[in-house]
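Just so we're on the same page: letters track the sequence lines, and every chain starts at 1.
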There are 2 protein chains.
Amino acid sequence: MKCTIKDIAKEAGVSITTVSLVLNNKPCRVAVQTRENIIKISKRLHYKPNSTAKALVTKKTQTLGLIIPDISNPFFSELAKGVEMEAQKNNYHIIFCNSNQNGKKDLTNLELLISKQIDGLIISTSLNNSDTKYINQFNRLIFENELPVVAVDRKIPNKNYDTVSLDHREGGFLATMHLLELGHRKIGCITGPTDSDSANERYKGYIDALSLYDVPHDKSLVYHGDYQINSGIEGCEELIKKGVSAIFACNDMMACGAIRQARLMDKIIGKDISIIGFDNISICEILDQPLTTIHQPVYEMGKNACELIITLINEPRSKNQLIKFLPTLIKRATTNTYIED
Amino acid sequence: MKCTIKDIAKEAGVSITTVSLVLNNKPCRVAVQTRENIIKISKRLHYKPNSTAKALVTKKTQTLGLIIPDISNPFFSELAKGVEMEAQKNNYHIIFCNSNQNGKKDLTNLELLISKQIDGLIISTSLNNSDTKYINQFNRLIFENELPVVAVDRKIPNKNYDTVSLDHREGGFLATMHLLELGHRKIGCITGPTDSDSANERYKGYIDALSLYDVPHDKSLVYHGDYQINSGIEGCEELIKKGVSAIFACNDMMACGAIRQARLMDKIIGKDISIIGFDNISICEILDQPLTTIHQPVYEMGKNACELIITLINEPRSKNQLIKFLPTLIKRATTNTYIED
DNA sequence: GTGAAAGCGCTAACAG
DNA sequence: CTGTTAGCGCTTTCAC
C-alpha cells in the first residue's frame, strides 16, 4: 500500500538512483523512455516521497517554525495567515506554537522546533526584557544551531535579528495629526501598558504631532490604560470631565470602551467628541458607527516575514534587515471637525 | 557545534546504543554511573535529538496536520488554539494549512502532509458535496495511507470519520426558545446560506421551537441571508416592516447588521425589538449594547478533536466517535420581554 | 551491562 | 545513460 522509491525501482526494473534522479527532475541524462515509465509507475502506485528520509540527508525539512503568543488573537491569526500563504507558495510548511505570553515557553518551543530540524524561525516573542536567563539561553540556542530567525512585531531582547515590525510611532502621529487637522486642540490620549514598547511608541507619536502643532503637552490629558476595554471606559470618563474634544485611544478595544462611555454621558460621537482608535480590528467596520482608526498591514507583515526568512535560509550571509511597515489612517464615522460650543 | 548521539558516545566512551538507551529511559540495565555520565555529557553538549532521524525509524513524527479554511477567521483561530494547546500537552506539534475555502487545496495539502509523515489529521474541510472528484481522491488517500482523521465542524462528504461538531439545531432551538419564553410570538429569522449544513440546522432549530409553542411557521418571516453583515441589514428592514417583535439572526455578523438597521428605523433594541445572534464572536461583548447570542465552545471542540486524534493514533481500532457539543445561551442586552403596543 | 550491526527511505558521489 | 555504494542520525534486535 505505502510505496517507496524501492518499489518503483523494482517495478520499473531500474535502480533506485535512477528513480530518484527522475522524480527530482535532476539534470541528468536518463533515457526518455525509462523516465516516462518511472513517472507512470510512480503515479499508478500513488508514490509519495518520504520527506522525513529526504530531510535526513538533505538537512532541509522545508518546514518553518512560527512562535506567537496567542493564535486566537486576531492580530496573530492574521499574521499567521500571511506567513502560511506565502509559505505555501514556496513549498514550506508551518509548525505553529502558542507561547501564551509565557517567555519560558518560547524557549521550550524553540528547543522542540530545533529538534524537529526546522529550516527557519519566525517569532513574535513573549520574552520580557527582565527574563534575562531565558533570553540568554534562547539566543545561545539560535546561535549554536545557526538557525535563521525573523522577529515580528516584537524584537528579541539583547540581539538584533532580522525584524519585521510596524512603525507604531508614525501610527500615533498619524492618529493625532488627523485630530489636529480636524481642528481639535484639547486632545486626550488613552495609552497602552507602559511595559509595551509598541504602546510607548504610539504615545510618542501623539506627542510628536502635538508639538508639530505647537500644542503644549498637557500630561493631565493622558490616561494610562492597559489595552483593555475597561480602561477605555474609565479613561474616557476622566478625559471628558477634563473637557477634551477628541480622544486618541491607543488601541481599538479601548476606543470601543470610550465610545460606550461617551454615549453614556450623552455625548454624540463625531459631534460632541471625536474618537480614534488603533489596530483596525474587524469589529471597527461592523459597529453601527464605524470607528476611525489606524490600520496595520498585518497580513503583509506576515507575508513579508516569511519571504525574509526564506531569503535568509537561502543566503545565510545576506545583510541584516529591519523592515518597518507604515500604518495608514482609516477615516470612518467617529471623528469629525471640531465645533466650538 | 551541532551534536549527535555519536558525539556523546565518543565523549562518554560508550556505544551509541547505550546512549540511545539512556536518553530514552529505556528499561535497560545500564550502570547508574554510565547513565549519569551520559546525561551529564548530553546536557553539557546541549544535545537535541534529531527527530527527523528518529521518525524515520519509529514511523512516528509526533506531528499532526491541521487543515482549515482560514486561520484569520476567529472561529478557526480559536479552534486552532484549542488543538495546539492540547497537542503541546501531549508532545505533538501542529502543521497548519489554510485551504482558503478551496476544496482542491484540501487535497494538495493532504498530499503534502502525508509526505511529511504526519501521525494524524484534523480537518475542517472546504470540500463541497459537489466536488466528487476531489472527494474520492481525498478519501482514497486517507485510506491508502491508513491516516487517522478527525473532522471538525464540517464532515467530509461520503465518508464517516470521527467527528467533533456542534449541535447547531439545538442552538437554533435555544435561541428561539429564549425569544418565545420572553413572550415573543412574531419572530423573524435571518438564515445563513442554504448550502451550509450548519446554517440549515440552525434554521431547523428555529422551526422546532416554534412548533413546540404551537406558533405557526410563517415563511414570510424568514429572510434568506448569507452570513454577511448586509443580509442582516436587509433582512431586518424587511422583517420589521412585517411587524416582527423579535429576530433570530443565524450568526452574529448578521445580528450586528440587524441592530444597525433597527436603530436606523428608530427602534430601541431590547424594547421595540429583540435581537439574538449566534456564534458569540468576541465583538458581542464589546458592543455598547452587548448582544444576546448562542455560544459555541470552540476552544473545547479543538481540544477535544486533538484528544480524539491522539486516541485514534494510539488505538487505531477504537470505535468511531461522533461528538456533538452543546451550545449555550448567553443572555445580554439585546433581548427583553415582549411588550404589546 | 554493553556493543555490533542492520536498517528506516532517501540523496549524491563515483564508477562503469 | 544507469548502477553501486556510502551515509544522514537514530532505534532495535541479538550477541557477548
Side-chain angles (χ1 to χ4, degrees), chain A residues 1-39 41-42 45-63 91 112 114-119 145-146, chain B residues 1-39 41-42 45-63 91 112 114-119 145-146:
Chain A
M1 210 106 242
K2 274 209 184 179
C3 98
T4 75
I5 203 171
K6 250 190 212 161
D7 301 319
I8 298 184
K10 206 192 296 172
E11 186 85 7
V14 297
S15 79
I16 58 166
T17 311
T18 314
V19 178
S20 173
L21 253 27
V22 170
L23 262 24
N24 287 303
N25 284 310
K26 279 289 156 68
C28 169
R29 325 94 318 176
V30 175
V32 188
Q33 220 181 359
T34 8
R35 153 164 276 127
E36 280 175 353
N37 191 234
I38 288 174
I39 292 178
I41 293 175
S42 83
L45 265 41
H46 301 125
Y47 172 68
K48 302 266 172 302
N50 181 328
S51 5
T52 274
K54 185 167 181 168
L56 188 55
V57 14
T58 60
K59 314 262 179 228
K60 292 265 166 266
T61 51
Q62 296 295 117
T63 303
N91 263 300
L112 289 167
I114 286 177
S115 236
K116 281 250 159 101
Q117 314 296 117
I118 51 166
D119 296 337
N145 293 277
E146 299 173 62
Chain B
M1 210 106 241
K2 272 209 186 181
C3 99
T4 74
I5 201 170
K6 249 189 214 163
D7 302 321
I8 299 184
K10 206 191 296 172
E11 187 85 8
V14 298
S15 78
I16 59 167
T17 311
T18 312
V19 178
S20 172
L21 253 27
V22 170
L23 262 24
N24 288 301
N25 283 311
K26 279 288 158 64
C28 169
R29 326 92 319 173
V30 174
V32 188
Q33 218 182 1
T34 6
R35 153 165 276 127
E36 279 174 353
N37 191 231
I38 288 174
I39 292 179
I41 293 175
S42 81
L45 266 39
H46 302 126
Y47 172 68
K48 301 267 172 299
N50 180 328
S51 3
T52 276
K54 184 166 182 170
L56 188 56
V57 12
T58 59
K59 314 265 179 224
K60 291 265 167 266
T61 51
Q62 296 293 117
T63 304
N91 262 300
L112 289 166
I114 286 178
S115 237
K116 283 249 160 106
Q117 313 296 115
I118 51 167
D119 295 338
N145 293 277
E146 300 172 60

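- Considering CG of Leu21(A) and CD1 of Ile16(A), their distance stands at 11.0 Å, rounded to 0.5 Å.
- With distances taken from any side-chain atom of Thr18(A) to the nucleotides dG3(C), dG3(D), dG9(D), the minimum falls on dG3(D).
- Distances shown here put a side-chain N or O of Thr34(B) below 4.0 Å from the OP1 or OP2 atom of dT2(C).
- One finds a side-chain N or O of Tyr47(B) lying less than 4.0 angstrom from the OP1 or OP2 phosphate oxygen of dC10(D).
- The phosphate of dT2(D) (OP1 or OP2) has no side-chain N or O of Thr17(A) nearer than 4.0 angstrom.
- At dT11(C), one or more side-chain N or O atoms of Asn24(A) fall inside 4.0 Å of OP1 or OP2 (strictly under the cut-off).
- The residue from Ile38(A), Ile41(A), Leu23(A), Val19(A) that alone fulfils the side-chain contact (heavy atoms from CB on, under 4.5 Å) condition with Tyr47(A) is Leu23(A).
- Atom pair Lys54(A):NZ and dT11(C):P shows a separation of 5 Å (rounding to whole Å applied).
- When the P atom of dT2(C) is taken as reference, atom NZ of Lys10(B) falls 20 Å away, rounded to whole Å.
- Checking the phosphate oxygens (OP1, OP2) of dG9(D), no side-chain nitrogen or oxygen of Thr4(B) falls inside 4.0 Å.
- Contact record, Gln117(B) with Thr52(A): CG-OG1, 3.7 Å, taken as the closest heavy-atom pair.
- When all heavy atoms are compared, the tightest approach of Thr63(B) to Lys116(A) is OG1-NZ, 3.0 Å.
- Residues Ile16(A) and Val32(A) both approach DNA chain D. Their nearest nucleotides, taken by heavy-atom distance, put Val32(A) toward the 5′ side.
- Regarding Arg35(B), its CZ atom lies at a distance of 14 Å from the P atom of dG3(C), rounded to whole Å.
- Using a 4.5 Å heavy-atom cutoff, the side chains of Thr17(B) and Ser20(B) are not in contact.
- To the nearest angstrom, C1' of dC10(C) lies 12 Å from CG of Leu21(A).
- Straight-line distance from the NZ atom of Lys6(A) to the C1' atom of dC8(C): 9 Å, rounded to whole Å.
- Spacing between atom NZ of Lys26(B) and atom C1' of dT2(C) amounts to 16 Å, rounded to whole angstrom units.
- Listed here is the closest heavy atom pair of Ser115(B) and Ser51(A): O-OG, 2.5 Å.
- Remark: P of dT11(C) and CG of Leu23(A) are 8 Å apart, rounded to the nearest angstrom.
- Here Asp7(B) contributes atom CG and Ser42(B) contributes atom OG; the two are 12.0 Å apart, rounded to the nearest 0.5 Å.
- The residue Ser51(B) sits apart from the nucleic acid: no heavy atom pair falls under 4.0 Å.
- In this model, the phosphate group of dT11(C) is not approached by any side-chain N or O of Thr58(A) to a distance below 4.0 Å at OP1 or OP2.
- Nearest-nucleotide mapping onto DNA chain C: of Val57(B) and Ala31(B), the residue sitting toward the 5' end is Ala31(B).
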Got a list of protein N/O to nucleotides 14-16 of chain D N/O distances below 3.5 Å?
none

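- In this structure, Asn91(A) and Gln62(A) approach most closely via the heavy-atom pair O-NE2, 2.9 Å.
- Whole-Å rounding puts the Leu56(A) CG to dG7(D) P distance at 14 Å.
- Side-chain atoms of Ala53(B) lie closest to dG9(D) of the nucleotides dT11(D), dG9(D), dT11(C).
- For the pair Gly13(B) and Lys48(A), both in contact range of DNA chain C, the more 5′-proximal nearest nucleotide belongs to Gly13(B).
- Note on Lys59(A): a side-chain N or O is less than 4.0 Å away from OP1 or OP2 of dG9(D).
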